[in-house]
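Data block below; observations after.
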Amino acid sequence: MNILPFSPPKLPSLVHFLHFCRNISLMGEKVRVRFAPSPTGPLHIGGVRTALYNYLFAKRHGGDFILRIEDTDQNRFVEGAEKYIVESLKWCGIMPAESPESGGKYGPYRQSERKEMYRQYADQLIKSGNAYYAFDTPEALEALRKKMEEEKAPNTSYCASNRLTMDNSLVFGIEEAEKRVAAGENFVIRFKMPDNNQVEADDLIRGRVTVNTALLDDKVLFKSDGMPTYHLANVVDDHTMDISHVIRGEEWLPSLPLHVMLYKAFGWEMPQFAHLPLLLKPDGKGKLSKRDGDKMGFPVFPVEWHNPDGEVYSGYRESGYLPQAFINMIALLGWNPGTEQEIFSREELSELFSIDRVNKAGARFDPEKAKWFNHQYIMSQGLDDVTEAFMIELQKHNISVLREFAAKVCDLTRERVNFVHEIWQQSAFFFVAPAGYDQEVIKKRWKENTPELLRGVIENVMQKTRFDAFLLKPALEDYCNNNQIGMGPIMIGLRLCMVGAASGPDLFAIMEMLGKEEVIQRIETGLQKIK
RNA sequence: GGUCCAUUCGUCUAGGGGUUAGGACGUCAGGUUUUCAUCCUGGUAACAGGGGUUCGAAUCCCCUAUGGACUACCA
């Protein structure tokens, strides 16, 4: 009898309870996360993983995942990059709730289209004394850098220790600066970094990070071309879009203190931050980059990328990866649920994902394991889907067959491949008679009496048995037993005639599919050609 | 150079003071398949180093080493 008003917690429910506690801390504010790439080129798998983790985090907490395009650098704009990003995410099944395409109530979602709003925020910081106008020429900046380097100063850039020696409004006042601005002079707006403050920032993955502002510089917030820099735009947008969690790559960790200072200067509540570890090259030297893939023999991009200059970079999609396999693989590169499960559906990932199980250290990408994942999915996927993909492969080889036949071929061969396109290599003999025969096998296994044996099989088995794998096998066995012939040589001989090699699926299944006429024809051809 | 971050089998990782340091990929061996592949079974292989703290450290602290990121009017 249970006298408690509720059942006592069992071990599994303790886990749920902990999840529940974490959820409570997330309640009250809706989870809103963003993936914010800049359209300066294709998205590689590191970027896709960042997008995926954001997406999964949103799903896990019933929040929104949004896509924002950070195109504040007009010089680095690359034609087609944004389209590529959208297409890649789509292929991966990472669908944003709000995006430049679909819109949303926090739009626009392209920073270039939000241009007007940034200046007022920069002005706000000037008014509150947290930012200032600067008119320094590139030459002056370069001279400053050199000088500070020579002095071996701890901070070699524009900062508290030297800003009063430069050409800015801290030196000659705001009014003077505004006059110069009105006169059309080029200017930037810089953040006035306090001199000696300890900035503390909490990271969901790394814990507390502390930096002294003396080591930080006066970053440009607003550029002379009228656009904000990433730092300003990012903070303003995350705030105005009600972003609750900023999940981004580790390369942003060094600018976290700046961003924290910006939130403080604006007097805004900060989102929570999580900096993801980087994806490393397979040899472990440095972060994965654009050219690594094709150099090392695997794709780094989700889908094929055509550079405006004509260069082509291979993609997972074109290489024959299934999107689910790809997602599964990258999800596990830096995260795991703590169990020994390795294959996860999208839904499972959405249920299980949690930031606190993301690793701190960078992960090297392993192309071999990527293939294994794909194999798992080729095996577990519905035969229809595999057949569908294989039909397309067949077209490339100018083969047209009944879908039913292709499905049988897939069923027989998919366990031996990592990719759908490899099915062709494993199954071409189903569609075309072998053009040649494996010499090694002939040398070893094709005996003097093999032709004689095969003729006997044609006469006594082929001609007399219905072409069904379940009937052919016992028929051949009976024949061999009755005449005291070993099965081995016959099987190898037949296989050589059918396939051209000593490999492939069950021989009887092959013969059933080929049909009596074709089988006999191939034996005849083999008898002529194999010596 | 400076700042920050990281470090468990070759690779991805489990591990929150007491474990024969577990799993997966790869690799090797055996078995199944009269082929090849799949599959099964087994083997291989790791706490970067040095100091602490502790009865006891892979686990906590410090130093060193190594690796990485950042150090633009790029994101």
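Each chain gets a letter, A, B and so on, in the order its sequence line appears, and its residues count up from 1.
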Do you see a donor-acceptor pair shorter than 3.5 Å between the side chains of Asp73(A) and Tyr230(A)?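 Short answer, no.
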
Mind checking side-chain contact (heavy atoms from CB on, under 4.5 Å) for [X] and listing every partner two or more places apart, or none if nothing turns up?
{"X": "Ala140(A)", "value": "Asp136(A), Thr137(A)"}
{"X": "Ala469(A)", "value": "Phe508(A), Glu512(A)"}
{"X": "Thr40(A)", "value": "Ser38(A), Arg76(A)"}
{"X": "Glu342(A)", "value": "Leu332(A), Lys369(A), Trp372(A)"}

Which residues pass the ring-ring contact (aromatic ring centres under 6.0 Å, His included) test with His375(A), not counting sequence neighbours?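 ring-ring contact (aromatic ring centres under 6.0 Å, His included) check on His375(A) returns nothing, list empty.
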
Partner nucleotide, any strand, of [N] [Watson-Crick/G-U, under 3.5 Å]:
{"N": "C25(B)", "result": "G10(B)"}
{"N": "U32(B)", "result": "none"}
{"N": "A75(B)", "result": "none"}
{"N": "A69(B)", "result": "U3(B)"}
{"N": "A45(B)", "result": "none"}
{"N": "G18(B)", "result": "C55(B)"}

Would you say [N] has OP1 or OP2 under 4.0 Å from some side-chain N or O of [X]?
{"X": "Lys223(A)", "N": "C74(B)", "result": "yes"}
{"X": "Thr72(A)", "N": "A75(B)", "result": "yes"}
{"X": "Lys287(A)", "N": "C70(B)", "result": "yes"}
{"X": "Arg190(A)", "N": "C73(B)", "result": "yes"}

All N/O donor-acceptor pairs, side-chain side in residues 186-197 of chain A, below 3.5 Å, sequence neighbours left out:
{"residue": "Arg190(A)", "atom": "NH1", "partner": "Asp218(A)", "partner atom": "O", "Å": "2.7"}
{"residue": "Asn196(A)", "atom": "OD1", "partner": "Asn212(A)", "partner atom": "ND2", "Å": "2.8"}

Return a single string for nucleotides 7-16 of chain B, one symbol per nucleotide in 5' to 3' order, where B is base contact, S is sugar-phosphate-only contact and - is none, cutoff 4.0 angstrom on heavy atoms. S---SSSSS-

In the 5'-to-3' direction, what one-character label does each nucleotide of nucleotides 43-49 of chain B receive under the scheme B = base within less than 4.0 Å of a protein heavy atom, S = sugar-phosphate only, - = no such atom? -------

Look at the rings of Phe353(A) and Tyr53(A) and say which category their plane angle falls in: under 30° parallel, 30 to 60° tilted, over 60° perpendicular.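 Phe353(A) and Tyr53(A): tilted rings.
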
Identify every side-chain donor-acceptor pair in residues 431-443 of chain A under 3.5 Å, counting partners at least two apart or on other chains, and give the distances.
{"residue": "Asp438(A)", "atom": "OD1", "partner": "Glu440(A)", "partner atom": "N", "Å": "2.9"}
{"residue": "Asp438(A)", "atom": "OD1", "partner": "Val441(A)", "partner atom": "N", "Å": "3.4"}
{"residue": "Gln439(A)", "atom": "NE2", "partner": "Tyr437(A)", "partner atom": "O", "Å": "3.4"}

For Val417(A) and Thr137(A), find the nucleotide of RNA chain B closest to each by heavy atoms; which residue's nucleotide sits nearer the 5' end? Val417(A)

If you pin Glu251(A) and Gly504(A) to their nearest nucleotides in RNA chain B, which one's is more 5'?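 Its nearest nucleotide lies further toward 5', so the answer is Gly504(A).
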
Arg180(A) charged N/C atom sitting above Phe135(A) aromatic ring, 6.0 Å / 45°: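 Because its charged atom sits under 6.0 Å from the ring centre and within 45° of the axis, Arg180(A) does stack over Phe135(A).
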
When syn is taken as a glycosidic angle within 90 degrees of 0, is G16(B) syn or anti?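 It is syn.
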
When the side chains of residues 485-500 of chain A are checked against the rest of the protein, which donor-acceptor pairs come out under 3.5 Å, sequence neighbours left out?
{"residue": "Arg495(A)", "atom": "NH1", "partner": "Ser503(A)", "partner atom": "O", "Å": "2.9"}
{"residue": "Arg495(A)", "atom": "NH1", "partner": "Gly504(A)", "partner atom": "O", "Å": "3.4"}
{"residue": "Arg495(A)", "atom": "NH1", "partner": "Pro505(A)", "partner atom": "O", "Å": "3.2"}
{"residue": "Arg495(A)", "atom": "NH2", "partner": "Pro505(A)", "partner atom": "O", "Å": "2.9"}

Check the interface with nucleotides 17-22 of chain B: list each N/O to N/O pair with the protein under 3.5 Å, or write none.
{"residue": "G22(B)", "atom": "O2'", "partner": "Glu340(A)", "partner atom": "OE2", "Å": "3.3"}

Testing C4(B), C74(B), C73(B) for proximity to the side chain of Arg76(A), the answer is C74(B)

List for me each residue that meets salt bridge (Lys or Arg N to Asp or Glu O under 4.0 Å) alongside Glu415(A), sequence neighbours excluded, and say none if there are none.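 In terms of salt bridge (Lys or Arg N to Asp or Glu O under 4.0 Å), with neighbours along the sequence ignored, Glu415(A) is linked to no residue.
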
